[in-house]
Student: 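After the structure tokens below, expect a handful of questions from me.
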Amino acid sequence: MEHRHAIRRIKEGLWEVYDIDDNRVVFADGVALTNLLDDEALDALELLKGGFLVPSSAPKAG
């Protein structure tokens with residue numbers, strides 16, 4: 001299944017990258033792609049689309 005990603009505003013000036021299929025925040029290397037400035041979110045989205053950034057699982061609670 002191909003994952004499609006987009007960004008959404010979570011509060012004034014902050015954005016997150018999410019998976020359109022399940023509406024969940026995307027993680028990369030265990031780090032949530034959330035609370036990003038607009039240019040950071042757009043950059044992360046482009047890196048995901050280009051395959052330079054690969055989604056990962058959320059870190060396990062320890």
Side-chain angles (χ1 to χ4, degrees):
M1 175 168 100
E2 180 181 330
H3 292 278
R4 296 179 303 148
H5 305 98
I7 63 171
R8 61 183 165 209
R9 191 171 113 179
I10 54 173
K11 52 181 131 168
E12 188 64 38
L14 293 178
W15 298 78
E16 65 188 6
V17 179
Y18 72 100
D19 188 314
I20 293 171
D21 296 329
D22 63 14
N23 210 34
R24 293 183 182 176
V25 172
V26 174
F27 284 75
D29 287 333
V31 176
L33 299 178
T34 190
N35 293 319
L36 303 170
L37 298 175
D38 58 350
D39 58 336
E40 295 170 333
L42 289 170
D43 287 347
L45 187 61
E46 287 302 314
L47 290 171
L48 283 165
K49 286 181 179 181
F52 296 103
L53 190 60
V54 179
S56 66
S57 300
K60 303 258 188 240

Student: Taking all non-hydrogen atoms of both residues, which atom of Phe27 and which atom of Ala32 are closest, and how far apart?
Tutor: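 Minimum heavy-atom separation between Phe27 and Ala32: CD2-N, 3.4 Å.
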Student: Can you find a pair of side-chain heavy atoms, one from Leu53 and one from Val26, that are under 4.5 Å apart?
Tutor: no
Student: Hydrophobic cluster membership, with links at side-chain heavy-atom distances under 4.5 Å among I/L/V/M/F/W/Y: are Leu48 and Phe52 in one?
Tutor: yes
Student: I need the full list of salt bridge (Lys or Arg N to Asp or Glu O under 4.0 Å) pairs touching residues 7-18, with sequence neighbours left out, sorted by first then second residue.
Tutor: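 Non-adjacent pairs meeting salt bridge (Lys or Arg N to Asp or Glu O under 4.0 Å): Arg8-Glu16, Arg9-Glu12.
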Student: Answer with yes or no whether the hydrophobic clustering places Tyr18 together with Leu33; edges join I, L, V, M, F, W, Y residues whose side-chain heavy atoms lie under 4.5 Å apart.
Tutor: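 Different hydrophobic clusters.
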Student: Determine whether Ile7 and Leu36 satisfy the following criterion, side chain to side chain contact (heavy atoms under 4.5 Å, CB included), listing intermediate values before the conclusion.
Tutor: CA-CA 10 Å; Ile7 63 171; Leu36 303 170; over 6 Å; no
Student: With clusters defined by side-chain heavy atoms of hydrophobic residues (ILVMFWY) lying less than 4.5 Å apart, directly or transitively, does Trp15 cluster with Ile10?
Tutor: no
Student: I'd like to know if the side chain of Asp19 reaches the main chain of Asp21, judged simply by a donor and an acceptor atom lying under 3.5 Å from each other, with no hydrogens or angles considered.
Tutor: yes
Student: Minimum heavy-atom separation for Val17 to Ala41, with atom names?
Tutor: CG2-O, 4.0 Å
Student: Can you pull the side chain to side chain donor-acceptor pair (under 3.5 Å) pairs that have at least one residue in residues 39-56, sequence neighbours excluded?
Tutor: none
